[in-house]
Amino acid sequence: MSKKVVTFGEIMLRLSTPGYQRFTQATSFDVNYGGGEANVAVSLANYGLDSRFITRLPNNDIGRACRMDLDKYGVDTGHIQYGGERLGIYFLETGAVARASKVVYDRAHSSFSSVQPGSFNWDEIFDGADWFHWTGITPAVSQEAADVCLEAIKAANAKGVTVSCDLNYRKNLWKYGKKAGDVMPGLVAGCDVVLGNEEDAEMVLGIKPEGVDVTGGHVEAEAYRSVSQQIMKQYPRVKKVITTLRGSISANHNSWSGVLYDGKNLYTAPTYQITHIVDRVGGGDSFMGGLIYGLLTYDNDERALQFGTAASCLKHTIPGDFNQVTVEEVEKLMGGDASGRVSR
């Protein structure tokens, strides 16, 4: 029987300048939809898992178009609620070479931000579920979203569902009077698997690497072991801590890898040189989607890490937030075939 994963968070309308145009040059925008937990849900549906996304959308044509887009990829949208004022928007200007990408958010008063505690039947939503995933963006949106996220985590814990979190610290989102450090620790306490980097760990959980200098731009594996051990000590429920390793040579060329610590072993994935990035938005979510698939499918943490890293490498070649790749394509890259050669 297919494994079942539930994700909860905000999905937005993405308006991108065509090609590499600047906002000041654009006379039209390309339309996509995306958001951390929705991106993970689409990845998992592509891999053949039973993938359910929970959110709140406006009851208008834009909200329905967004849901139809998720339906197209095989995501279960049956528990999505309608209400509130609007779908959040973000504008994307894709960078090139030495010019970085730019994002402008227009998400105030979104339907999701006014989601209400008690409005979702989590017991029903988690029926038969194996995994629940959320990101640090969700509790940053509003106090109500944070409260509903905590409801979901507690319900998942009560039903024995594995809970994962991408810490995903976004300074500019915490605007309702609370800091990440006030809210996130209570949510992370209910997690079994945590994804983040050393900045996320410090800004969200107040954890710094012990005895390691990370300011020089080159971070040794021991820094990740130190942060992972401290997270596990502070949050005894956490069994695995994963970190993505991105090196930015330019806006078009990144190196990409990851590490996983299971309390005893520190595994490191191969490093990919992504030399011609098409779209890096959703790169971390595609990593998380691949990792969840790997942890549910392979009886091997190292192989799960390799699957997540390879899946994310492929995402950088695909326009839009969603990672539209198959298990076969990811495993082909894991096997060392990065030729891009046509199979006949």
Side-chain angles (χ1 to χ4, degrees), residues 36 40 131-137 139-140 149-150 153-154 156-157 160-171 179-247 255-271 283-285 287-292 294-296 298-309 312:
V40 171
W131 199 287
F132 172 58
H133 178 67
W134 60 282
T135 79
I137 290 172
C149 193
L150 182 59
I153 293 165
K154 287 181 174 179
N157 290 163
V161 176
T162 299
V163 179
S164 64
C165 166
D166 181 346
L167 295 177
N168 225 333
Y169 179 65
R170 296 287 186 273
K171 178 181 67 174
K179 295 178 180 176
D182 301 328
V183 178
M184 288 290 286
L187 304 177
V188 174
C191 292
D192 305 282
V193 177
V194 172
L195 174 72
N197 57 34
E198 71 281 355
E199 182 192 16
D200 292 331
E202 181 176 349
M203 301 308 295
V204 174
L205 306 176
I207 290 173
K208 299 181 184 180
E210 291 178 343
V212 181
D213 177 19
V214 298
T215 58
H218 179 67
V219 184
E220 299 291 344
E222 282 310 306
Y224 301 110
R225 186 188 297 270
S226 168
V227 168
S228 300
Q229 287 173 338
Q230 289 181 72
I231 289 175
M232 287 182 170
K233 186 176 181 182
Q234 203 164 308
Y235 303 95
R237 188 184 181 98
V238 176
K239 303 296 186 293
K240 302 181 201 302
V241 180
I242 303 94
T243 309
T244 54
L245 311 180
R246 183 190 291 277
S255 63
W256 184 252
S257 185
V259 296
L260 183 153
Y261 183 68
D262 64 4
K264 186 162 55 172
N265 302 300
L266 185 73
Y267 299 110
T268 304
T271 299
D285 303 321
F287 179 94
M288 194 72 219
L291 183 78
I292 292 171
L295 291 172
L296 284 172
Y298 307 128
D299 189 22
N300 183 312
D301 284 357
E302 186 171 22
R303 186 163 173 78
L305 175 67
Q306 291 169 355
F307 189 95
T309 309
S312 186

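We count residues from 1, following the sequence as given. Treat the numbers as computed from the prediction; the structure is a model and nothing was measured.
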Item to complete: Check whether more than 12 heavy atoms from other residues, nucleotides or ligands sit under 6.0 Å from atom CG of D299, and answer yes or no.
Response: no

Worksheet item: Going by heavy atoms in the side chains, are V188 and L167 under 4.5 Å from each other?
Response: yes

Worksheet, complete the sentence: residues 186-197 vs side-chain hydrogen bond (donor to acceptor under 3.5 Å, both in side chains), sequence neighbours excluded, gives D192-R237

Practice prompt. Could you go through the side chain to side chain contact (heavy atoms under 4.5 Å, CB included) check for Y224 and T268 one step at a time?
Written response: CA-CA 11 Å; Y224 301 110; T268 304; over 6 Å; no

Worksheet, complete the sentence: Applying side-chain hydrogen bond (donor to acceptor under 3.5 Å, both in side chains) to T135 and not counting sequence neighbours gives E37

Fill in: CG-OG distance between L266 and S228, expressed to the nearest 0.5 angstrom
6.5 Å

Fill in: salt bridge (Lys or Arg N to Asp or Glu O under 4.0 Å) against R246, all qualifying residues, sequence neighbours excluded
none

Fill in: Residues that D301 engages under salt bridge (Lys or Arg N to Asp or Glu O under 4.0 Å), provided they are two or more places apart
K240

Worksheet item: Does A269 offer a backbone N or O that forms a donor-acceptor pair with the side chain of S257 under 3.5 Å?
Response: yes

Fill in: Main-chain N/O of Y267 paired to N265 side chain as donor or acceptor, under 3.5 Å
no

Worksheet item: Residues in side-chain hydrogen bond (donor to acceptor under 3.5 Å, both in side chains) with S312, at least two apart?
Response: W256, S286

Practice prompt. Of all the heavy-atom pairs spanning Y235 and L205, show the shortest one and how long it is.
Written response: OH-CD2, 3.4 Å

Fill in: Shortest non-hydrogen contact between V193 and I242, atoms and distance
CG1-CD1, 3.5 Å

Worksheet entry | Least distance between heavy atoms, Y169 atom then D200 atom | N-OD1, 3.2 Å

Worksheet entry | Closest contact, heavy atoms only, M232 versus D262 | CE-C, 3.8 Å

Worksheet, complete the sentence: Shortest non-hydrogen pair, M184 vs G136, comes out as CE-CA, 3.7 Å

Worksheet item: Can you name the salt bridge (Lys or Arg N to Asp or Glu O under 4.0 Å) partners of K179, sequence neighbours left out?
Response: none

Worksheet item: Do the non-hydrogen side-chain atoms of V259 and R225 ever get within less than 4.5 Å of each other?
Response: no

